[in-house]
Amino acid sequence: MRSVAWDYDRHLLKMIDQRQLPSIFTIAEFTDFRHVATAIQDMYVRGAPAIGAAAAFGMALAARQSQATGREALLRDLEAAAQTLKATRPTAVNLFWAIDRMLRVAAREEIIHADDIRQAILAEAQQLADEDVAINKRMAENGAALVKNGDTILHHCNTGSLATVDWGTALGVVRRANEQGKNIHVLLDETRPALQGARLSAWECEQYNIPYTLIADNAAGHYMRTGQVDICFVGSDRTAANGDVANKIGTYKLAVVAKENGIPFFPVVPTSTVDLSLPSGDDIPIEERDPAEITDVTLFGRPIAPKNAKVGNPAFDVTPHKYVTGIVTEHSVVYPPFEISLRRVVEAEQNKLVKQA
Ligand code: MRU
C-alpha cells in the first residue's frame, strides 16, 4: 500500500504510522490539516517526498475544512493552512514545493467557485502523489544500472516506500537491483537517533526479500576500509544548485569515508528535491530536533544519559559536492560540474510538466 493515500469514499487522508514500525503496522486517518502538520512534525510520516505528499493532501483537507463560500475567503484560509504546514520541518524542500504547488493551483484565475478550487487542489495532490511513484521507478531504473552483480551496497536512514508515496529513492534503487537478480546485499546503517534504518529500512527489506545486514552507524567506516562496500546510495532532503546534498545526519561522515576509500557515493534525488534557488548547501536550513530523541532511549532497562545532559540534535547534515560521485535523478545520472548538469535535468523535467499541464 502507499504510505500516503486519499480515501475517496470517506474523504480523508490515510498514512502509515511510521512511529509504530516495525512492531505494529497501523494506518492513521486524518480529517484535520492541523493534525497532518503534527504528524509531519512528530514523524508519523517522514522522508522528503512523503512529507511533500502529506502536506499536499493536508492542503486538500484544509480546503474541505474551510467554511468559506467565496473564492477570496477560501484562498485566505488556504494561505493560513499553508503557513501551519510549512512550520513543521524546515529542511526537506519537498514540503514547501508541494504546498506552493497547491497554492498556485488554488489561485488559478480560471477557477472561480470555491468548490471548484477544493476539487482542483485534491486532484493536484493526487497527481503529485502519482507522479512521485512514477518518478521513483524511473530513478530506480537509472540507479540500478550503476549496480554490478554481487555488489554490497551501503545505505543510510530510510529512503524506501515509507519515505515516499511508494517505491522509494535510494532504497528503491536497491529494490530494483534486487529484482533484476543482481545478487546484491545491503548494509543498513541503523541511523541514530530516530533509527529509521533499523526500524524502517530493515522492515522494508524484509517485505521485499532484500538480503540485508543491520549495522551500527559507527561501523560503516570499518566496513568501507576493509573492502566490504562496493557502492553507497543515500537520499536527500534538499540538494543545492552546486550539488551539495542535505540528508539525514551522518551522511556527510559516510561520504568522506567513502571518498577516502575510493567507493562511489550516489545520492538518489528526484528533481523536486533540488533547490536551484540555493547556490550552496551552506544556505540549507538544518532542523534541530527535540533532545528527548537522544536521551529518552534505554539500554538494559536504564536511561542512556544523565538526566540533565546537554544535547545537540541536528537532524540533517550537508555533504559538500566534492564527495559526491554522481546524482541519480529521474531524468538521468548526472556528474560534476553539478551547477550545469543538475540545472539541465531539473529544467528538462520542469518543462515536461509544463507541457503536460
Ligand atoms: O528525518 P527524516 O526521517 O524525514 O529524514 C529522511 C531522510 O533523510 C531521507 O534520506 C530523505 O528524506 C530522502 S528519502 C526519500
Side-chain angles (χ1 to χ4, degrees), residues 2-4 15-19 21 39-55 88-98 129 131-133 135-140 143 154-175 188-204 217 232-239 245-255 265-275 281 284-290 293-294 313-319 324 327-330:
R2 290 186 173 195
S3 62
V4 178
M15 298 199 280
I16 296 174
D17 181 350
Q18 302 190 30
R19 290 176 64 118
L21 286 170
I40 294 173
Q41 193 146 40
D42 294 347
M43 293 169 71
Y44 289 74
V45 58
R46 31 68 48 204
I51 290 171
T88 51
R89 297 195 73 187
T91 305
V93 74
N94 304 60
L95 175 71
F96 307 92
W97 165 83
E131 277 167 17
D132 183 61
V133 183
I135 283 168
N136 291 337
K137 289 190 173 166
R138 288 165 62 200
M139 285 194 300
L154 186 69
H155 176 269
H156 194 57
C157 195
N158 171 263
T159 65
S161 298
L162 294 165
T164 58
V165 175
D166 201 357
W167 195 269
T169 59
L171 205 56
V173 168
V174 175
R175 183 174 166 185
L188 299 176
D189 276 356
E190 61 177 356
T191 317
R192 289 191 182 246
L195 295 162
Q196 291 94 330
R199 293 190 301 109
L200 307 175
S201 294
W203 181 81
E204 282 201 40
D217 295 338
C232 304
F233 288 109
V234 298
S236 168
D237 284 79
R238 196 186 296 227
T239 296
V245 174
N247 190 48
K248 179 51 52 194
I249 193 75
T251 304
Y252 168 53
K253 214 160 69 171
L254 287 181
F265 186 89
F266 286 94
V268 182
V269 181
T271 52
S272 59
T273 305
V274 180
D275 187 348
I284 299 175
I286 299 295
E287 177 182 9
E288 182 73 25
R289 288 188 64 84
D290 189 345
E293 285 184 352
I294 292 185
N313 186 15
F316 301 96
D317 59 26
V318 172
T319 299
V324 173
I327 299 178
V328 178
T329 76
E330 70 270 30

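Quick note: numbers below take in every heavy atom, side chains included, and nothing from hydrogens, waters or symmetry partners. Whatever order the structure lists ligands and atoms in, that order sets their numbers, starting from 1.
- Between Arg238 and Asp275 a salt bridge is recorded (basic side-chain N to carboxylate O distance below 4.0 Å).
- Atom numbering of ligand 1 starts at 1 in the shown order; those under 4.0 Å from a heavy atom of Met43 are 1 (O), 3 (O).
- Side-chain atoms of Leu254 and Phe265, non-hydrogen and from C-beta on, do get closer than 4.5 Å to each other.
- Any N or O atom pair closer than 3.5 Å counts here, and Thr169 shares no such pair with ligand 1.
- Within ligand 1, the atoms closer than 4.0 Å to a non-hydrogen atom of Pro49 are 15 (C), numbered from 1 in the order shown.
- Two residues are said to be in side-chain contact when any heavy atoms from C-beta on lie closer than 4.5 Å; Glu204 and Ser161 meet this criterion.
- Residue Ala92 places no heavy atom under 4.0 Å from ligand 1.
- At least one side-chain heavy atom of Val4 sits under 4.5 Å from a side-chain heavy atom of Val45.
- Taking each of Asn247, Ile249, Val268 in turn, the one with a heavy atom nearest to atom 9 (C) of ligand 1 proves to be Asn247.
- Taking every non-hydrogen atom of Asp237 and a distance limit under 4.0 Å, the qualifying atoms of ligand 1 come out as 6 (C), 7 (C), 8 (O), 9 (C), 11 (C), 12 (O).
- For ligand 1, the polar-atom distance check against Asn158 finds no nitrogen or oxygen pair separated by under 3.5 Å.
- In terms of N/O distances under 3.5 Å, ligand 1 is not approached by His156.
- Residue Cys157 places no N or O, backbone or side chain, under 3.5 Å from any N or O of ligand 1.
- With contacts defined as side-chain heavy-atom distances shorter than 4.5 Å, the pair Lys248/Phe316 qualifies.
- Under the 4.5 Å side-chain criterion, counting only non-hydrogen atoms from C-beta, Arg289 is in contact with Arg89.
- Considering backbone and side-chain atoms alike, Lys248 places an N or O below 3.5 Å from some N or O of ligand 1.
- Counting heavy atoms from C-beta on, the side chains of Val269 and Thr169 never come closer than 4.5 Å.
- With a heavy-atom cut-off of 4.0 Å, Arg89 touches ligand 1 through its side chain alone.
- Neither the backbone nor the side chain of Ala50 comes within contact range of ligand 1; no heavy atom lies under 4.0 Å.
- For the residue pair Asp237/Thr91, the side-chain donor-acceptor check at 3.5 Å is not satisfied.
- By heavy-atom distance, the residue among Thr251, Leu171, Thr159 lying nearest atom 14 (S) of ligand 1 is Thr159.
- For the pair Asn158 and Arg46, the minimum side-chain heavy-atom distance is below 4.5 Å.
- Annotation for ligand 1: atoms under 4.0 Å from non-hydrogen atoms of Gln196 are 1 (O), 2 (P), 3 (O).
- Under the side chain to side chain donor-acceptor pair (under 3.5 Å) rule, Thr273 has a single partner from Asn94, Asn247, Thr329, which is Asn94.
- By the 3.5 Å distance cut-off applied to N or O atoms, Ala48 is counted among the residues near ligand 1.
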